[in-house]
Structures are given as structure tokens and as C-alpha cells.
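Every heavy atom of this structure was used, including side-chain atoms; hydrogens, water molecules and symmetry mates were not. Below, chains carry the letters A, B, ... as their sequence lines are ordered, and counting in each starts from 1.
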Amino acid sequence: MSTPVAVAIEEDEQANAMPTRHRGRTFALRLLSLGVVFGLWWLLTALKIWSPLILPAPSAVWRAFVQSVTTDGPRRGLAGYYLWEHLWASLQRILKGVGYAIIVGPLLGLALASFRWVRIVVEPWVGFLRALPPLGYFSLLIIWFGIDDTSKIWLLFLAAFPPITIATIVGVERVRTDRLNGARSLGASRLQVIRHITLPSALPDVLTGIRVAFGFAWTTIVAAETANGIPGIGGLAWATKKENRTDVAILCVIVIGITAVLIDAVLQRLEHRLVPWKHHA
Amino acid sequence: MSTPVAVAIEEDEQANAMPTRHRGRTFALRLLSLGVVFGLWWLLTALKIWSPLILPAPSAVWRAFVQSVTTDGPRRGLAGYYLWEHLWASLQRILKGVGYAIIVGPLLGLALASFRWVRIVVEPWVGFLRALPPLGYFSLLIIWFGIDDTSKIWLLFLAAFPPITIATIVGVERVRTDRLNGARSLGASRLQVIRHITLPSALPDVLTGIRVAFGFAWTTIVAAETANGIPGIGGLAWATKKENRTDVAILCVIVIGITAVLIDAVLQRLEHRLVPWKHHA
Amino acid sequence: MNEANDAAKVAGASGSGHPLRLRALSHTYRTERGATHAVGPIDLEVAPGEFLSLLGPSGCGKTTLLQILAGFVHPSDGSVMLGDQPVSAPAADRGVVFQQSSALLPWRSVRQNVELGLQLAGANKAARRTRADAELARVGLTDFADRPVYELSGGMQQRVQIARVLANDPELLLMDEPFGALDAMTREHLQGELRHLWRTTGRTMVLITHSVEEAVALGSRVLVMSPRPGRIVFDQPSPFANSDRPLSVMLDDPDFHEECRRVRSAIEH
Amino acid sequence: MNEANDAAKVAGASGSGHPLRLRALSHTYRTERGATHAVGPIDLEVAPGEFLSLLGPSGCGKTTLLQILAGFVHPSDGSVMLGDQPVSAPAADRGVVFQQSSALLPWRSVRQNVELGLQLAGANKAARRTRADAELARVGLTDFADRPVYELSGGMQQRVQIARVLANDPELLLMDEPFGALDAMTREHLQGELRHLWRTTGRTMVLITHSVEEAVALGSRVLVMSPRPGRIVFDQPSPFANSDRPLSVMLDDPDFHEECRRVRSAIEH
Amino acid sequence: GSDSDGGGSAANPTTIRIGYQIIPNGDLIVKNKGWLEEAFGKDVKIEWSLFDSGGSVNEAIVAGALDIGLAGSSPVSRGISQGITYQVPWIHDVIGKAESLVAKEGIATIADLKGKTVATPFASTAHFSLLAALADAGVAEADVNVIDAEPADIYAAWQRGDIDAAYVWNPNLAKMIAEGGTVLITSADLAAKGKTTYDLSVVTNDFASKYPAAVQTWVAQQDRAVALINDNPDDAAASLAVEMSITAEEAKAQLGDLVFVSAKDQAGADYLGGGLAANLFAAAKFNVEQGKIDAVKDEAEYTKAVNATFAAAVK
Ligand SMILES: Nc1ncnc2c1ncn2[C@@H]1O[C@H](COP(=O)(O)OP(=O)(O)OP(=O)(O)O)[C@@H](O)[C@H]1O
Ligand SMILES: Nc1ncnc2c1ncn2[C@@H]1O[C@H](COP(=O)(O)OP(=O)(O)OP(=O)(O)O)[C@@H](O)[C@H]1O
Ligand SMILES: [Mg+2]
Ligand SMILES: [Mg+2]
């Protein structure tokens, strides 16, 4: 209630509340910080402190980028595919893996937070699963789901659902008692309480969980694409890393990072649309 | 305020509130679920659907375990170290990596949530960083920090701090306006508000972030220990996986999972101690 | 739960319902910092259709008692029966107006908040809206029907709560200082509405209030609780509940003043 | 901020302070659902040491006005000056008792909550404790000093808030229905304390209340606001602020009643 | 070995940092028997770091974290082409039947692989051999679906029938043959056609020029291991079994699939004396043709990077 000084900053950031002047300045500042990082990178490579095999110059990465989007004789893009084909292949896998996690995570979290026995039995397994290194059990997924996309999507799903589940549990536990009691004395059944009170109340937490999950999924993409990962941006990074083509590996890392930042921006925008009442929860 | 029915479940789970009868039943249920999973595992291997190279029998993993804690002629444990030496080496790396993240994550999150310009400049980079696949940039860390523990600890740190930072930002944004305003009109300076209001208010979120970070650090341990990772439980898993000693790889995965569950239990207990007011925030 | 609700709806208009019985009711909060004996022992019988006013010093256990009646808190001792059913969980037959308005849902508009109970019971859209708009008009918030609740003032939020509970037509109405945050005029208006509701529907009502005048003017029976642990130290019928005069006019009646003075002295001793 | 605070502490006892000046003050909330002109325009001058009672219908903008005076909300138009300083942010010279008690800190005990302001100003432990215990005694919560605040009843939490602000000794005291959740006896006791405080320290006070009696009995000047957008429609000195009689005794004074009636009619028109 | 004590070329470094891999050859025997520690005495610290691939060893050497490392001829050829300043003083083994192209029943020749899926770990010697085998059989790489996967994952995919063939090494190779796979070609066959692959040792130029005596000692111990393998394979297998966490029988079988060459022979024209440099240069050219690397250096660079003097000096 009110527009107090203390949260003024935050409200400014809401896209539709931000005056154009601010947006312009934000953009300029970000560009500047990008410039500084690039400049530092260029400087580090120009000084030749380290071999270009470890930290290639921006120009080398740029050349790799050009290669990745062009055809030259027998070479078509990199590893036989154009950069966007690699990216799109990975993106599809991530969207599917995280997509399933977005369905399963909240449901599981809800079940864990709502039913004592489910929690006692299942929670340790979730805790167990969420700590397992993908590189340690990927072969099992391959034998179960094949070397094609299914096993990769499973791996991404397994990486993505635990943060969503945990966030949901935290969100559910945070729901105000008054709200639950109020609904029950309006006649809500247990399921109705979950649908009308618990779920919407936990929504901001679930959305945060989804943001974290997307980040995790991206960090897992290389592991998921170590087997039959071409086309795939992670598979490309892996294959070229093994060949010590650091320029391509860095190109991949940059593309992955930028894509992830863009997805996160979309998610944050979605959050503003879905839970405008977040600060009044 | 009060002990309403709706949260009775949850309060039951608090260790000090749980009657012994319940604890016994909890234990029995968990043992049962463990038994079911083991039974399934045993059945799957007894049916010999897949080669033991992919899913070794429980007995094979048990033999690997015995090997890992015994010396037999020239063989000392596995890969020259006993199981606990591997585990302890990894644990130390994780504790250090996550430890630094516990210092940096909340501070950075606080800075990001409190200062508009910091946020505009730094947040995209955090978003960038948290999506980067460790396998994609580990070589850079090796060149910068060497092949020994430092680069591994950096990798674990880089994996652990983003979830803590994000959780802190979310926690800070959630602080009630009344609380901030109240403190300011009691004379709190900006720093005092952060110290006395913002930080404690965000503490439950920060702790959740730390739990997520620990889990994530464990998933990264194999990647961190692909180079010069012996002794180390992830290094052992990776080296033996390459040799198709799946029994050892699965042993490592189980040890990692159990350790992670135990650490998480300690963290949850800590949470109960540190923020008993969590449900009244 | 739904059966009870339907039964209440049928029985409601005729003024009948179920008697409320409290037997050796007592509650102690146990926390790490030790135990707080908040309320009881209390023995009490409330006939269907009574309007109970409950007074008592701050912290004497009024809210605790109300939460036990609502089914939110399990008493550590004794029992509560509504008719021949023990009260052990919240249900639609007992509506609650909370002391604070944190029970409202910020993702719903004011109207949607008021519609909640009807929606839960499966009423159709048109019926919900008609009923909600009627209740919103009753509490004077027609203009704010489409606003989210967090854009309302404290008193307005309190009125949304009242409308929400009234729309649900419970057999027993439990109110924890519902008019505490309201200005005199709005308050008097809502007091009138409440009294009208009570007279026409014959619902049983329990009203916690800090205003002796309000307690005496509205309640058909006035109860006063002792300081913590709260017990009933005063329990008398009030003759003014059936009067048609608004509170401001009653203030001129010496009988009314005399009654208020008696209640006040019960609180102070 | 600290200087102002210290200055206030010295100046306080002598009854001096800074005048408060509102010029063409007005505020409109802008949200996605459109604009709500909540309050104003208001022109007002408050001399140091005045006790302002503020009345008005629910939703007329009282809380908004108080939040502007506190520095929480930037008015969309006009200005507020305390002495020759514009009010633009919260500071220790203006203490605030909120309408709801959500400003208390659940991780601190009752005493630690009351000590907060002193701790922020760097007072030592012993001094803090002495002062906090004195304020807790004033509001009758000595027994609960070591409890966490969420184990207290609604009215008790409200009293913690009052103690917390009083311990900080602000030059200007802004109170949003501080006694709303209190029973008559506790309320009367705290009214007496507040009046005593005002008399002995000469602090400037602004009290939002829904009780016309309280407004007339405590305020040296009574203001009534119109329905939204709130403007000042009644502004008169009240002679009862300097009386020593408690509210319950004043109720027997016909002059007092007459005054209340005048204020009430201002609200109703 | 970065520590310089006195700078005299005869002096030993205070530490020698060695990157090893789990491959059944002399390096693991030297490690297991502690021969280096024995030969250098207490004043020199030997640091063993385990690596998972030649690519990682290349990285660590560029990072200055290693003095001596083990890598396959493919990564070494790539490393020289990319300008890593190291040299090959020793050949750990010549890959024989240890790496082979194995196919499902019904695929009898390499030409039958057209339109089929073949897996191999990219950037490995096996990858190189696969491409060489395809080129040799006149099968265009584009006509075969060549996919990248780690050996363990290849075996998993093989079991499911997701792939039709794979170029891999032991122990997966042996498993796949035992489960009915047909060997289409082995690295030994390819060696006969001039496409030999090796497991090589590399030492940084810095280290080699600063501490030639140390490298000499190191090579001598490697030769001792080769002698042990050839003369007393049971003893050698016992050491390998410990290092590789497998049984002695398995270790012995794996040894049989590799070729171990003594120092004397290594110094000859077939190996360090000329053959290897030509092989590395040819591999680089092949890699450029295949689009795996950008450019080839002068043949002289490859010659310079192979150093037969240490092997020749072993008594
Ligand atoms: N955060 C907000 N966003 C939009 N409108 C608001 C907001 N807060 C208050 N309002 C509107 O401003 C008007 C004045 O509100 P305010 O809280 O100042 O009233 P009040 O006089 O304190 O009422 P009460 O006595 O009920 O507490 C109301 O109509 C309310 O709907
Ligand atoms: N959750 C709790 N844990 C421990 N003690 C509690 C809790 N809630 C209330 N109490 C204690 O129980 C007693 C009664 O509280 P209750 O809220 O019922 O009082 P009340 O009569 O409603 O007071 P008020 O008029 O101030 O709202 C108080 O002393 C309070 O400290
Ligand atoms: Mg109460
Ligand atoms: Mg208000």
C-alpha cells in the first residue's frame, strides 16, 4: 500500500513504469559495461600474457563466428551445421526438458508440502537426485532412453525439476495461515484450498524456481550433448574443446550466455505480468 | 499467530515437536522406501536385461565399496586412495567453493537489490555467468588458477554463488514496506536498514539459496574433477566411468547423493534454529 | 461440510439452527519460551439465533476463543459442539471476519474476493456476481469492485472481509473486531446492516469488540472475559438488541448508559 | 538526521520545536487500473506543540496524508516543510505508529523491538534496556518483554509499536489509529499516558482516530477530512486537551457532548 | 619443474609435474612401481595428475601446469599445428588391435556403413582412424552418420541398437566383440597402410632444454617398463591391474593389443628417427582436409617436435 521511497527503485524497474529517459540511460550503461569487458578481453589478449590457445583474441572468436554462419567449399558452418542450427537444436531440448519440469516440479512440490507421508518417503530421493552429477549417470539414461534426444531431454529435466520443486515447497510453506483458514471457513475443501489459495500464493516462488531451473538447464547442456550432441551448441562446444579450438568453445559459451540472459529477461517480464501483486503477497 | 490445523502437518515435522512415535514411523517409512528402490534395482539386474557394465548389480557395487575401503597387496582403496579420502577431498573443495559463495552471494545480491546502477550494470553479467556450462570454461580457470585445487574451488564457487545471489535479491524485494519505513522513521540510515531489517528479513530466502547452491555444487563436482581430480569422489567417478567400472561410478554417485542429503538435512536443521520466525515473516 | 452448509441455508431464514456448546474449554499455547495459558476453563451454551457480544482486556484470549470456535485451533482441553457435531475443523457453516485483513487474496479483485465462497460452493457466474455486488453495495464499496484489494485503505479492506463472509451466509458468524478500523459513520451504517441481517435471518452471531456501547447495543447477550487466562466473568442478556434506534441516538437513553456502566464495571473488576 | 534527533531531544522538554507547513498538498495514486485522487489539496500550518486529531470517513486519505508527513510517500503535488526543511524522506524526528503492526520485527523479542530506535542511535546497552523497560511498563507489557512479537495478541502488538516509537522520543509523533485494537480500559490508560507525554514534553502530535470522543478529548485542535479526495472541512481548537479528567468521566460533561456533536455533524456533511 | 635451482643444465628440478592417463602402457607401470621416485631420489618431487584425454593434457601444458604428459598422436599432431611448444621424446605404445572399428551383424565391409550410424569419441586417435578407414575405403564422411560420444555411452547405445558401428578401444571394444560385433578394421591394419596411431609422451620445450638429464632419466625408466612388459608380462599386468582397477588377466589381455617398442628401436628411422614426424605431419594434413583444424605448419615444425636423442642415449 503506497509508493514508499524504499521501494521506489524497484518500481522504477517495472517496464511499463519506466520513463523513456531511464530506459535510454539503462541501455547506455549496459552498453558501457559491455564495452569495458570487451576492452579488457582485447587488452588481455593483445598483451599476449597467455597463449591464444587459452584465451583467444576477440578477433579470433569473431572469425569463428563468421565461419559458423557461412559455407566455404566443403565446410558448412561449424561441424556441418550453421550456428543457429546448433542453437535451435539445443534450445528445443532445453524447452522440452524444462517444460516437463515446469509441469512436474510444482505438482511434486505441492504434494511434498501438502502430504506428510509423501514428503517423508519422497523428499530424501529428491534431495538425492538433485545432487547427482549428470556426468555420473548419463550412460544409464542412454541405455534407457537411447542416444538421441530423449536421453538429453531427460537429463535436462532431471536438472531442472529439483529447483522448481524446492521453490514450490518453500512457497507453499510461506502461505499465510489466515489466508488458508479464511478459505476453509468459506467452505473450501482441501483441494480447493490448494487450487485457490496455495498455488496462487506460491506462484512467485515457483516462478523464481523456474528462472533458476532454466539457468541450471543451460549449465547442463554441454554434459547432455557429450553424446551425439551435434547439432547442438553444447555438443559443438564439447567437440571443439576436445580439439583445443578455444575460439569456437568461447563463441559457444558467449552464445549460450546471451541466450540465457534473454530467456531470463522474458521470464522476468512474465513474472511482472503474472504476479503484479508480488509485493503485497 | 496460533497453531491452526492447516499448518499442523508442517509443525509436526519440526524435530523438537515431533513425538517419538512419529519419528519411529518416519524412520520405518524411509527404510521401506529404501528397501523398495533396492529391490527394484536388484530385480532389474537379476533379470539381466542390460549388461552389468551399464547397470551393475547391488552386489557388484557392494564389492566395489569393500575394495574402496580395504587394502589388498599393492591395491590401496581405489585409485590409490580410500573412499573416505576421496570423499573428504571433494568435501573440502565444496565447502570452500560454497563457503566463498556464502560470503559473496548475499553481499552481491544485496548490492544488486539495493543500488539501481549496480543492478543495471552487473545483473546481466550474473545472468550470463549462471548459465555457463562449467565444461565450457573450465580450461580458462585452469590457465588462470592452475591445475590444483584453486581452479576447482573457483568452478564450484562460480556454480554456487548465482543461486544465492538470486535468492537474496528475491528475499530483499519481498521485505515488507512497513518494516523498512518503520525503521527509517526510527532513524535508521540506509546501511542500518540493510543490516537490521533487510538482511534478517531476507535470511530465510538466503538460506534456501544456500541449500540450492550446495546441491548444485555437488552436481558440478565431476566436471570440476575431470582434470587432476584424484583424490576426489567426482574424479574417481569420472576416471572409472571412462574405464567402464560402472560399479565404482555408481558407488560414487550413491556416496555423493547420500552426502548431499546429509548436508541438506544439516542445513534444514540450521534453518529451523536460525529462523524460527520464518512462518511469521 | 457442504451438507451442513446447505442445511444451514434452509434453516437459516426460519431463525433456527444448532446450539453451540462449550464444555470445560481451555487453551494453552506451548512454545520454546514456555507455556501461556491463554483462555479458560469456559463453559457456555449459546442458543441458535443468539447475538453474543464478547468484551475483555487486551490479550485475555478473545481471539483465541474465536479461533477455537472457527476450528482453526484445537483447544488443549475441553470440547466445542455445534449441534451434535464436535467442532474440529473450519467449515462453511462458520464464517469468520479476522482481526487483520491479511486473509484477503491480493491476486483477486475486490469483487472476486467477495465471490470466493460462492465460487467454492459451485454457484454459477451470474449468481455469484449478483450476490457479490449486493454485498459490496451493503458495505459501500461498489465503486471499488474491480480494484485489487491492496489498493484499498485499511478500513475498506475490513469491509471487503465483511462482505466476503456475508455473501457466504454462514450459520454462525464469528467476528473479531470487524468495525475496529472504521470511522464512526461507516461503522454505524454497518452496525445497522448487521443488526438487520441478524433479525431477518436469525443467524447466531459472535462479535468481539472493544466498544462497550457497541456490545450493549448490538448483542442480545453480553459476555465479559477476565484478564488472561480469560474466563467468563459477566454474562447477561441485553434488551437493546431489538431496538431500532441507531447507536448515536441510543447514547441519549439513560437506561442504555446505565447498562453500559454495569458492563464497564465488570471489565474493570 | 541524528542532529535533528538530538536537537529535538534537547528542545523537547521546553515545548519548542518546528512548525509544520503543508502547501497545496495533494496526492494521486496511479496504477494500471487508473488514477485515484486520494487526498488534497490541503493547506495547513501546525505550530510546535500542537496536538492534532484527524477524523474522516474510511478511505478519505488519512493514512495517505500521514505517510506523506512521515516521508514514506512523495506527494504528487504541493510541499511539506518541517521548520525550514522540506520533508522528503523518513527520519528519526518523525515517529510513526502504523495502522497495522506488520512493521514489528519477528526475529526480535518485544524488548528488542522497543530498543530498536535507541540502538540505531548508538545508545549503550544499559541505557537502551532501562528506557525500553520503562516504555514497556507504560504500555503494560513488562511480563512479555522476552517474548517474540508473534506470540502476542493483536492489541498487545499495537502496544509494542507505541512503546517502540515513544522510546525514540521523536519531535513529531504520527499515529494511525494506535488505539483501534485496544479494549476500553487499556485504551483509556494509554490515552492518559499520551496526554501526559504531550503535556510534559510539548511534542507535536498527529493522531488519526475513528473515535470522535477520543479526538475531542485528546486533541488541542480537531480536524475533519471530507470523503475522498480528502480535504480539511473542519478545523477548530478543542478546549478539553488540557483537562485532567479521563475520557470516561468527560462523557458526563454536556459541554464535551456538545463539542462531539458538532464534530460529528462536520463528518456527516 | 619451473623451479630453477642454479640453472645448470645438469641439475634436476625440485618437482616434476606429470600428466598421465589410464592406458595400459609403461607409464602406469613406472607410476605403480615408483621407479621415478626411486631414480630421482628424495630431492625431486614427482607430481602425478590424472587426465581424461589428450585434449585436456594439451590444455594443461598450455596453462603451464605440466612438464610431461601423455597424449595420443591425434591431439599431439593438433597441438603442434596449433603451436604448442612441446616435443615428443618417447612413444608409449603403437596402437594395434586395441582400437578397432566394430560393427553389428550384417555389416561386413566398410562400404556397408553408408547410411549407417557410427560412433567414436571425437578428437581421439580412434576418431582419426575412423576417418582414415572411411577415406581408405572410398566412403565419403557425409554418407555416414558419424556421431560423437564417450566410450561408455557408445557401449550403452550399442546395447540398445542405436548405433550400427563404433571405432573404440578397450574395455568396451572387447565387450562389443564378445556380444557379436564384427571387426571391420583395426588400427594395426591402418598402421600397415601408413595411418599409424600412437600414444605419445610430450615434454615442454622449456623443461627439455632446462633439464635434459631429468628427461633422460625419465626415458630410461620408460624403457625399463617396456622391457618388463615384453619380458615379464605377468608382473607388468599386476601393476596395471592396480592402477586401472581391473583384474590382472584383463590387464594382460589389453597389453597384447598394443605394440611396445624399446628405446633402441624407437631411435630408429621408423619411429622417433623420422617416421613419427612424417606421421604427425600427414595426420595434420589429413585433419585440414577433414576440416578439423585450420592450417598445417611447415613439415620442419613437426620434425623439430620429435626428439630422438633421449631414446638414442638410453643404454
Ligand atoms: N497503494 C494504493 N494504490 C492505489 N490506491 C490506493 C493505495 N492506497 C490507498 N489508495 C486509495 O487511496 C484512498 C485513500 O486511502 P487511505 O489509506 O489514505 O484512506 P484512510 O483515510 O486511511 O482510510 P481508513 O480509515 O479506511 O484507513 C482510498 O480510496 C484507497 O483506495
Ligand atoms: N501463537 C501464539 N503463541 C504463544 N502465545 C500466544 C499466541 N497467540 C496468542 N498468544 C497469547 O495468548 C494470549 C491471548 O491472546 P489473544 O490473541 O487470544 O488475545 P485477545 O483477547 O484477542 O487480545 P486483543 O484484544 O489484544 O486482540 C496472549 O497473552 C498472547 O500472548
Ligand atoms: Mg485479538
Ligand atoms: Mg487508514
Legend entry - Best-contacting candidate, A/Leu141, A/Ile147, A/Asn244, against chain E by heavy atom pairs under 4.5 angstrom: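 Ranked by contacts with chain E, first place is A/Asn244.
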Legend entry - More than 12 heavy atoms from other groups under 6.0 Å of OH on A/Tyr100: no
Inset, instruction - For E/Glu299, enumerate each residue passing the salt bridge (charged side-chain N to carboxylate O under 4.0 Å, His left out) test, keeping only those at least two apart in sequence or located in another chain. - result: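 For E/Glu299 there are no salt bridge (charged side-chain N to carboxylate O under 4.0 Å, His left out) partners, ignoring immediate neighbours.
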Inset, instruction - Determine the option with the most heavy-atom pairs under 4.5 angstrom with chain A, choosing from E/Gly55, E/Pro121, E/Ser53. - result: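 Of the options given, most contacts go to E/Gly55.
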Considering non-hydrogen atoms only, spot the tightest contact between [X] and [Y] and give its length.
X: E/Arg160; Y: A/Ile142; value: CD-O, 2.8 Å
X: E/Ala152; Y: A/Ser139; value: CB-OG, 4.0 Å
X: E/Gln82; Y: A/Glu243; value: NE2-O, 3.4 Å

Inset, instruction - Can you run down the salt bridge (charged side-chain N to carboxylate O under 4.0 Å, His left out) pairs that involve residues 225-235 of chain A, sequence neighbours left out, and say none if there aren't any? - result: A/Arg93-A/Glu225
Legend entry - Part of A/Trp144 lying under 4.5 Å from any heavy atom of chain E: backbone
Inset, instruction - Output the distance between atom CD1 (A/Ile230) and atom CG (E/Asn145), rounded to the nearest 0.5 Å. - result: 11.5 Å
